[in-house]
There are 2 protein chains.
Amino acid sequence: MTAIRGARERARSEITAAIKDEARAQLAAEGAAKLSLRAVARALGMASSALYRYFPSRDDLLTALILDAYHAIGAAAEAADPATGGAGASGPAESGGTGAAGRPETPGHLERWVAVCGGVRAWALAHPHEYALLYGTPVPGYHAPQTTTAPAGRVARALIAVVGDAHAAGALHEPPGPLPEEVAADVRALMTELDIELPAPVMAVLVATWAQLFGLISFELFGQFHRVVEERDAFFAHTTRRLAEGVGLTAEPGGAA
Amino acid sequence: MTAIRGARERARSEITAAIKDEARAQLAAEGAAKLSLRAVARALGMASSALYRYFPSRDDLLTALILDAYHAIGAAAEAADPATGGAGASGPAESGGTGAAGRPETPGHLERWVAVCGGVRAWALAHPHEYALLYGTPVPGYHAPQTTTAPAGRVARALIAVVGDAHAAGALHEPPGPLPEEVAADVRALMTELDIELPAPVMAVLVATWAQLFGLISFELFGQFHRVVEERDAFFAHTTRRLAEGVGLTAEPGGAA
DNA sequence: AGCAAAACGTGAGCACTGCTCTTGCTTGAG
DNA sequence: CTCAAGCAAGAGCAGTGCTCACGTTTTGCT
């Protein structure tokens with residue numbers, strides 16, 4: 001169909017990409033607040049008005065960047081999972097622990113969880129302004145369009161995958177204590193919508209933990225840990241491990257010992 | 001000394017307050033991004049340039065608002081604690097539980113924790129834009145001045161107070177598992193700086209839980225729970241209770257049974 | 001009381017922003 | 001080959017933060 005639909009469309013998509021790249025560069029350099037269409041146009045050597053042929057407004061450009069960023073952080077989460085993303089692939093050189101001899105060696109669920117959390121945090125630290133765009137104050141016109149909900153869930157799905165595998169392997173401690181019926185109904189609806197099956201209490205704590213993970217990262221990134229937590233890596237790793245245990249993950253590697 | 005230092009200073013502080021009030025109103029109405037000095041000046045019937053006699057820049061005005069907001073949310077946290085803030089004082093009418101007969105009846109530490117968390121959340125829901133100013137994306141010139149660190153810790157201190165009381169009453173379960181030495185040293189330094197004494201593992205989980213609490217609130221406020229969690233009140237109450245247990249708080253009211 | 005100095009309010013102005021509209025050129029389809 | 005659609009450019013509007021030179025008012029000091 002649209003194999004070589006013409007030079008025009010090629011140019012259009014190329015220019016669109018160039019605009020996004022330049023915008024992303026400015027975003028990374030100065031933050032979303034300082035991202036200006038005119039500056040982007042200037043850097044690209046075109047009139048500012050020409051830019052509106054590609055993005056009807058500044059917010060639409062932002063939305064495009066948000067979407068890309070959601071995919072990027074989702075990909076980072078997946079890549080960090082040694083069971084799905086390939087540990088040695090694009091992960092930040094982490095040759096310490098396991099596979100010096102190239103042995104696959106099924107990683108423990110808890111280790112996978114910690115790795116995914118670490119991957120998300122690493123991406124956030126590497127792209128603070130893009131992270132802020134996703135998980136900071138919603139921009140101006142707020143309420144993201146429906147199209148962002150799917151990519152926004154990618155990180156969550158990476159976490160769910162770990163817990164789901166652990167559940168399937170029978171290596172999941174169900175959290176104790178009663179679950180209010182309202183919450184149970186809520187998470188059940190969510191699970192059918194996401195097409196997953198997990199005990200309701202697990203899902204409830206999983207959702208909460210998902211939010212808490214980003215609370216941790218946001219506090220670190222937004223300066224709330226300044227003069228409070230200094231050993232950030234160790235603190236994050238420790239807390240992340242605690243979170244995993246809270247979800248019911250255990251330290252044992254594969255199935256039953 | 002400065003009792004009636006002159007009409008000038010009176011006028012100055014009044015005008016300063018008026019500016020802040022108007023700015024706060026605009027902030028609440030449209031968000032920090034749309035807060036404009038000119039609009040504030042317009043609403044106050046003065047030239048925009050006159051405003052710079054009171055706040056040297058827009059960021060300084062924002063900083064003033066941030067400081068006030070930190071105090072406000074801190075006060076909300078303290079007021080929500082039935083043990084310190086007076087349950088029926090300025091708290092959001094909550095006549096259900098305890099003191100119909102005026103009996104003090106020491107509240108359980110876990111209930112206090114949940115109440116404080118609920119108070120913080122209630123304030124956030126009532127002042128979303130101010131909350132975003134505090135815990136959302138840091139503004140533009142970022143790095144808050146040193147003066148904001150003290151009021152920023154008020155909410156944390158309210159939480160610490162509950163845990164501290166529980167610890168003093170011997171009603172605190174220490175969290176299991178080892179604490180990495182780096183983290184232990186970190187939290188010990190923090191405790192000496194804050195002049196509090198708590199077991200290091202407790203303090204570590206307390207700091208993490210503090211961040212996680214705001215992760216929860218931020219996700220709710222910033223729309224991340226849209227189509228994910230609908231029964232927000234119940235979910236928050238439930239999660240908050242779980243957090244309390246994670247810190248080591250127990251359901252028993254006062255001291256040892 | 002008188003006077004200099006500091007504080008104050010004003011309006012014009014600069015550089016910047018997002019966005020619109022008119023004008024002319026280039027391209028691709030019939 | 002034609003002609004409409006897509007594209008780029010420039011001027012322009014309304015708005016922003018912020019500065020500056022200018023009168024006016026108030027204050028503190030002699």
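Here is how names work: the chains are called A, B, and so on, in the same order as the sequence lines, proteins then strands, and each is numbered from 1. Only this structure's heavy atoms are used, side chains among them; waters, hydrogens and symmetry mates stay out.
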Exercise answer: donor-acceptor pairs, residues 208-220 of chain A side-chain atoms, under 3.5 Å, sequence neighbours excluded:
{"residue": "A/T209", "atom": "OG1", "partner": "A/V205", "partner atom": "O", "Å": "2.5"}
{"residue": "A/Q212", "atom": "NE2", "partner": "A/A208", "partner atom": "O", "Å": "3.4"}
{"residue": "A/S218", "atom": "OG", "partner": "A/Y131", "partner atom": "OH", "Å": "2.8"}
{"residue": "A/S218", "atom": "OG", "partner": "A/F214", "partner atom": "O", "Å": "2.8"}
{"residue": "A/E220", "atom": "OE1", "partner": "A/R121", "partner atom": "NE", "Å": "2.8"}
{"residue": "A/E220", "atom": "OE2", "partner": "A/R121", "partner atom": "NH2", "Å": "2.9"}

Mind checking if B/F55 touches a base, just sugar-phosphate, or nothing, with heavy atoms under 4.0 Å?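 Nothing: the residue B/F55, judged by heavy atoms under 4.0 Å, touches no strand.
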
To the nearest angstrom, how far is A/K34 atom NZ from C/dC16 atom P?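 One finds 12 Å between P of C/dC16 and NZ of A/K34, rounded.
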
Spacing of A/R10 atom CZ relative to D/dG6 atom C1', expressed in whole Å: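 Result: 18 Å.
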
My understanding is that only residues two or more places apart in sequence, or in another chain, count here; which of them pass ring-ring contact (aromatic ring centres under 6.0 Å, His included) with [X]?
X: B/W123; result: B/H127
X: A/F236; result: none
X: A/F235; result: A/F225

Using heavy atoms and a sub-4.0 Å distance, could you list which residues of residues 12-19 of chain B are near DNA chain C? By number, please.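 B/R12, B/I15, in order of number.
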
Among the nucleotides C/dT10, D/dA9, C/dC8, which one has an atom lying closest to any side-chain atom of B/M46?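 Of all the options, the side chain of B/M46 is nearest to C/dT10.
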
Any donor-acceptor pair under 3.5 Å linking the side-chain atoms of A/S57 with those of A/D60?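 Yes - a donor-acceptor pair under 3.5 Å links their side chains.
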
Using side-chain hydrogen bond (donor to acceptor under 3.5 Å, both in side chains) as the criterion, list what pairs up with [X], not counting sequence neighbours.
X: A/E14; value: A/R10
X: A/E130; value: none
X: A/S13; value: none

Encode nucleotides 17-24 of chain C as B, S and - characters from 5' to 3', where the letter depends on protein heavy atoms closer than 4.0 Å: B to the base, S only to sugar-phosphate, - to neither. BBBBB---

